[in-house]
Trainee: 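Mind looking over this structure? Questions follow.
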Amino acid sequence: MNIFEQYLNEIKELIINNAKKLELDNTNALKSVNLEIPPEKFDYDLSCNVAMVMAKANKKKPEHLAKNIQALLIENLKNFSKVDIAGPGFLNINFKNEALTEIINKIIKKKSNYGSNLKKNKYNLEFVSANPTGPLHVGHCRGAIFGDVLSNLLSFNGNKVTKEYYVNDHGNQIKNFVKSVFLRLREIKFNEKFKDKKELYPGDYIIDIAKKIIETKPRINLKNLDDIYNELHKLSINLSLDMIKNDLNKLGIKHDIFIFENELIKNKTVEKAVNKLKDKKFVIEGYLEEPKGEEKKDWKRIKRLIFKSSLFGDDTDRALQKNDGSWTYFASDVGYHSFKISRKFNSLINILGADHTGYIKRINAAVKALSDNKVILDCKVCQLVKLYKKGKPYKMSKRAGDFITVKDLLSEVDKDSIRFMMLSRSNDVELDFDFSKVLEKNKDNQVFYVQYCYARINSLFRILKLDLNKTFTIDEKNFNLNIYERKILRKVFDWSKTIDLASFKQEPHRITFYLYDLATLFHSYWSKGNEDEDYKLVKDGKIKQLNSLIIIQLVAIVIENGMKILGVSLPKKM
RNA sequence: GCGCCCUUAGCUCAGUUGGAUAGAGCAUCGGUUUUCUAAACCGAGGGUCGUAGGUUCGAAUCCUUCAGGGCGCGCCA
């Protein structure tokens, strides 16, 4: 429930009670009526589209209906000082001072909760889920931060969120990974040269993993890989995962649960899920057609289990078994999602990289089939990140084939800048990340600009020798805000709406844009004091208007709440 | 060939689930500092919202056509 909901409800109620008088037969359309903060150039607190929405539903002219509703609002709603009609039928509204101070007091009371709309859904968010065969690279980084901030956002808005990492510790790539570790171990122990075969992992981190294994298990038997495979698999995956967790940690990310593919296969979760689909007749034994396009060399016409995902919107049916009868990656994922469904979430969200878009339809189909269309899976795709340095494409000067890792990134740029920057675009457009730009200290660097705003506010409170966390009481008798303060206040009001919209659309980038806008309004007000003595806040070391200070405190509250969601720190002094 | 995403100012992008004269930053040009952080602020120019249709009081937003760019199209993970 955001702070305007009560006013919206009052308006709706008024319309329903006066439907006859307004000659409205259809009041169903009321659900799409909005109460919003109008664009800055209009000097109003609120804007309502009720006349236009209802006019459409009842085939009436908006202007005429607007006039009647205007009269109704003026007569009945005592908190409004002014209701004007503008444009195609907007009702623009101003609050009376008493209403404004009441809202301000509410915000101050809520403080670190201001903006939260107390939703109570249970979300499952799966993100990162990078294969434990190597370190995290920049491609993972965007999805990781997107997922983390989205879960912060949803939690802030009152929901319960489980942050989950799915570990693909099964399959051929993992076998090759374990084999690579094995060969590195032999290299260290027996001086046997590591052959750089195509399917193996050559990276230096494999050597590190091998060294650590020798530290903990100096007597490990390296005669035959098959004899120690299970043990080595476990050791290697754990060490690799530690490396990934360490990187995530440095980015400020911590998952609640790690789910292991191997476990799901061992404890028959996969088998049970497939059987469930069999019972529903969505899984059959049969043949698939050879895929079109590029020729696949391993393709074989063999009878196998097939999920009829085309029944649920997929382009084609999907294999659940490989040639040797073992489960495909997709089959494991069916099992995994069946497990997710069994845990009774209201909503499942997967964060994927752009290279996994092709996968969305089939996993959505699986969730639909498993849950009888009751559970919805939202797959959010993060597009590519392109790295730049001083405007030029950036590549590490290491040997060819090396990707840029999160570690590399963190050695050049701090966590705060990375987090803010990764959310400076909507997730479904490509993102240019310029190393040199995020380290600059100017308006072009959004992180800096917002942090600087907060630092200025702190500096103000330092000068006044006042605590920023202190609760002040608004001076209702002298409540007379200037235009800068009114603009700031309206933006502050807009915060709960921003949270609601960002949560609903699952678009955390709205938070960064909002904070930047808010900072702009503050900086503008602040600088006005340089130009015009009347706008100076402080005189002889004391605050001129307590109410001004409270407005500025509201800015600080919102910035604190916003940056907490983003996971970006806020220096008090810069 | 098919699917998903994108196309808005010179550049990089927002755009509140169909609304007001389409907004920011960078770049360009011009201005502001004895006084709360000038690491900032103010102003100016710059647009056929890729193309062509459609839906309606009203479209950057919804539908269709076409063009351009990105990602993907396994019985890999």
Side-chain angles (χ1 to χ4, degrees), chain A residues 32 34 36-42 47 49 52-53 55-56 59-63 86-90 92 131 133 168 170-174 261 288 290-294 296-302 304 306 314-316 318-324 326 328-330 332-333 353-361 381 383-384 424-426 428-432 434 437 440-446 448-449 451-453 455-456 458-460 462-464 494 497-498 500-502 504-505 509-510 513 516-517 520 523-531 533 536-539 541 543 573-574:
Chain A
S32 45
N34 263 327
E36 332 176 304
I37 310 293
E40 224 184 276
K41 59 193 168 191
F42 303 107
S47 173
N49 63 354
M52 293 179 295
V53 171
K56 175 149 192 148
K59 293 183 178 161
K60 291 192 170 303
K61 287 196 172 160
E63 301 86 13
F90 282 103
N92 287 333
N131 285 352
T133 51
N168 302 123
H170 192 265
N172 292 328
Q173 289 181 22
I174 293 294
E261 182 182 5
L288 280 175
E290 188 165 5
K292 282 165 192 161
E294 210 180 319
K296 307 292 179 210
K297 49 189 172 184
D298 296 336
W299 189 85
K300 275 181 188 160
R301 190 177 149 84
I302 291 176
R304 68 186 84 225
I306 292 164
D314 197 5
D315 305 321
T316 173
R318 304 291 172 180
L320 294 167
Q321 287 174 303
K322 300 187 202 171
N323 291 339
D324 63 2
S326 63
T328 59
Y329 170 83
F330 175 59
S332 306
D333 220 9
D355 51 343
H356 285 78
T357 22
Y359 195 70
I360 295 175
K361 280 188 180 175
V381 175
Q383 294 296 328
L384 292 180
S424 64
R425 294 281 175 268
S426 151
D428 47 26
V429 302
E430 283 186 11
L431 179 109
D432 294 344
D434 196 315
K437 225 169 221 174
E440 279 171 16
K441 302 197 177 217
N442 57 40
K443 197 175 180 176
D444 197 19
N445 179 0
Q446 302 168 336
F448 164 79
Y449 191 69
Q451 287 176 328
Y452 185 49
C453 166
R456 274 182 155 176
N458 272 276
S459 136
L460 179 69
R462 263 198 306 278
I463 287 164
L464 295 168
D494 210 19
K497 197 114 192 182
T498 302
D500 238 4
L501 195 67
F504 174 66
K505 293 194 134 190
H509 73 276
R510 288 173 187 274
F513 280 92
Y516 187 81
D517 288 345
T520 302
H523 285 306
S524 175
Y525 180 28
W526 180 275
S527 303
K528 185 69 180 168
N530 288 337
E531 192 185 302
E533 193 69 27
K536 276 228 174 306
L537 296 158
V538 179
K539 199 175 184 181
I543 190 77
K573 211 171 181 176
M574 292 176 83

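Hydrogens, waters and symmetry mates play no part in the numbers below; they use all other heavy atoms, side chains included. Since this is a predicted model, take the numbers as computed values, not measurements.
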Trainee: Taking the same atom, C1', in B:rA24 and in B:rU51, what whole-Å distance lies between them?
Mentor: 27 Å

Trainee: Counting side-chain heavy atoms from C-beta on, which of B:rC71, B:rC36, B:rU17 comes nearest to A:Val538?
Mentor: B:rC36

Trainee: Taking the six-membered ring for Trp, are A:Tyr449 and A:His523 parallel (under 30°), tilted (30 to 60°) or perpendicular (over 60°)?
Mentor: tilted

Trainee: Suppose you measure atom C1' in B:rG53 against the same atom in B:rU12; what distance do you get, rounded to whole Å?
Mentor: 31 Å

Trainee: For residues A:Glu261 and A:Ser332, is any side-chain donor paired with an opposing acceptor at under 3.5 Å?
Mentor: yes

Trainee: Just N and O in the side chain of A:His509: are any of them under 4.0 Å from OP1 or OP2 of B:rU16?
Mentor: no

Trainee: Classify the nucleic acid contact of A:Gln321 as base, sugar-phosphate or nothing, counting any heavy atom under 4.0 Å across all strands shown.
Mentor: sugar-phosphate

Trainee: Nearest-nucleotide wise, let me know which of A:Ile37 and A:Gly171 is further upstream toward the 5' end of RNA chain B.
Mentor: A:Ile37

Trainee: In whole Å, measure the gap between the P atoms of B:rA59 and B:rG68 for me.
Mentor: 29 Å

Trainee: Write out the stems for RNA chain B, ordered by first number and formatted as range with range, counting runs of at least 3 consecutive Watson-Crick or G-U wobble pairs under 3.5 Å.
Mentor: B:1-7 with B:67-73, B:10-13 with B:23-26, B:28-32 with B:40-44, B:52-54 with B:62-64

Trainee: May I ask you to say what A:Tyr449 touches in the nucleic acid, namely base, sugar-phosphate or nothing, with a heavy-atom cut-off under 4.0 Å?
Mentor: sugar-phosphate

Trainee: How about A:Tyr359 and A:Lys361: do any of their side-chain heavy atoms sit closer than 4.5 Å?
Mentor: no

Trainee: Between B:rA38, B:rC41, B:rU12, spot the one nearest the side chain of A:His523, thanks.
Mentor: B:rC41

Trainee: Take atom CZ of A:Arg456 and atom P of B:rU37, then tell me their distance rounded to the nearest Å.
Mentor: 8 Å

Trainee: Please work out if A:Leu537 contacts a base, only the sugar-phosphate, or nothing of the nucleic acid, heavy-atom cut-off 4.0 Å.
Mentor: base

Trainee: Using a 4.0 Å heavy-atom cut-off across all strands, classify A:Ala319 as base, sugar-phosphate, or nothing.
Mentor: sugar-phosphate

Trainee: Over how many whole Å does the gap from A:Asn442 atom CG to B:rC41 atom C1' extend?
Mentor: 14 Å

Trainee: Expressed in angstrom and rounded to an integer, what is the separation of A:Asp355 atom CG from B:rC4 atom P?
Mentor: 18 Å

Trainee: Can a side chain N or O of A:Lys41 be found less than 4.0 Å away from OP1 or OP2 on B:rG23?
Mentor: yes

Trainee: Of the candidate nucleotides B:rA20, B:rU16, B:rC71, which contains the atom at the shortest distance from the side chain of A:Asn92?
Mentor: B:rA20

Trainee: Should A:Asn34 be listed as having a side-chain N or O under 4.0 Å from OP1 or OP2 of B:rU17?
Mentor: yes

Trainee: To the nearest 0.5 Å, what is the distance between NZ on A:Lys536 and CD on A:Glu531?
Mentor: 10.5 Å

Trainee: Expressed in angstrom and rounded to an integer, what is the separation of A:His170 atom NE2 from B:rA77 atom P?
Mentor: 9 Å

Trainee: Over all strands shown, is A:Asn530 touching base, sugar-phosphate only, or nothing at heavy-atom distances under 4.0 angstrom?
Mentor: base

Trainee: Classify the ring geometry of A:His509 against A:Phe513: parallel below 30°, tilted from 30° to 60°, perpendicular beyond 60°.
Mentor: perpendicular

Trainee: Think A:Thr357 has a side-chain N or O under 4.0 angstrom from the OP1 or OP2 of B:rC4?
Mentor: no

Trainee: Step by step, work out the side-chain contact (heavy atoms from CB on, under 4.5 Å) result for A:Met574 and A:Lys441.
Mentor: CA-CA 10 Å; A:Met574 292 176 83; A:Lys441 302 197 177 217; 5.7 Å; no

Trainee: Where the side chain of A:Glu261 is defined as all heavy atoms beyond and including C-beta, which of B:rC41, B:rA77, B:rA14 is the nearest nucleotide?
Mentor: B:rA77

Trainee: The side chain of A:Lys536 is closest to which nucleotide in this list: B:rC76, B:rU35, B:rG72?
Mentor: B:rU35

Trainee: After noting the C-alpha distance and the side-chain angles of A:Asp494 and A:Asp517, does the key distance pass the side-chain contact (heavy atoms from CB on, under 4.5 Å) rule?
Mentor: CA-CA 11 Å; A:Asp494 210 19; A:Asp517 288 345; over 6 Å; no

Trainee: Going by centres under 5.5 angstrom and planes under 30 degrees, do the aromatic ring of A:Phe90 and the base ring of B:rA20 stack?
Mentor: yes

Trainee: Is A:Phe42 stacked on the base of B:rA20 when the test is centres under 5.5 angstrom and planes under 30 degrees?
Mentor: yes

Trainee: By nearest atom, which of the nucleotides B:rA77, B:rA40, B:rG19 is closest to the A:Pro88 side chain?
Mentor: B:rG19

Trainee: Which nucleotide sits closest to the side chain of A:Glu36: B:rU17, B:rC5, B:rA24?
Mentor: B:rU17

Trainee: Are there more than 12 heavy atoms of other residues, nucleotides or ligands under 6.0 Å from atom NZ of A:Lys497?
Mentor: yes

Trainee: What nucleotide among B:rC76, B:rC6, B:rU37 has an atom nearest to a side-chain atom of A:Gln173?
Mentor: B:rC76

Trainee: Judged by atom type as modelled, is there a donor-acceptor pair below 3.5 Å linking the side chain of A:Thr520 to the main-chain atoms of A:Tyr516?
Mentor: yes

Trainee: Phosphate oxygens OP1/OP2 of B:rC42: is one of them under 4.0 Å from a side-chain N or O of A:Ser524?
Mentor: yes

Trainee: Is any N or O donor-acceptor pair between the side chain of A:Ser47 and the base of B:rA20 shorter than 3.5 Å?
Mentor: yes

Trainee: Are the side chains of A:Gln383 and A:Val429 in touch, meaning some heavy atoms are under 4.5 Å apart?
Mentor: no

Trainee: Please give, in whole Å, the distance from B:rC26 P to A:Lys441 NZ?
Mentor: 18 Å

Trainee: Within less than 4.0 Å of OP1 or OP2 of B:rA77, is there a side-chain N or O belonging to A:Lys322?
Mentor: yes

Trainee: Quick one: A:Arg318 CZ to B:rA77 C1', roughly how many Å, whole number?
Mentor: 14 Å

Trainee: Look at the side chain of A:Lys56 and the base of B:rG58, then say whether one donor and one acceptor between them are separated by less than 3.5 Å.
Mentor: yes

Trainee: For atom P, what is the distance between B:rA14 and B:rC62, given to the nearest Å?
Mentor: 15 Å

Trainee: Does a salt bridge link A:Lys437 with A:Glu440, judged by any charged N lying under 4.0 Å from a carboxylate O?
Mentor: no

Trainee: Is A:Arg462 near enough to B:rU37 that one of its side-chain N or O atoms lies under 4.0 angstrom from OP1 or OP2?
Mentor: no

Trainee: Tell me: CD1 of A:Ile360 to P of B:rC4, nearest whole Å?
Mentor: 10 Å

Trainee: By nearest nucleotide on RNA chain B, pick out whichever of A:Ile302 and A:Ala55 is the more 5' one.
Mentor: A:Ala55

Trainee: Measure from the side-chain heavy atoms of A:Phe448 and tell me the nearest of B:rU12, B:rA39, B:rC41.
Mentor: B:rA39

Trainee: Using the side-chain heavy atoms of A:Arg425, tell me which of these nucleotides is nearest: B:rU16, B:rA20, B:rU12.
Mentor: B:rU12

Trainee: Write down the distance between CG (A:Leu460) and C1' (B:rU35), rounded to a whole number of angstrom.
Mentor: 14 Å

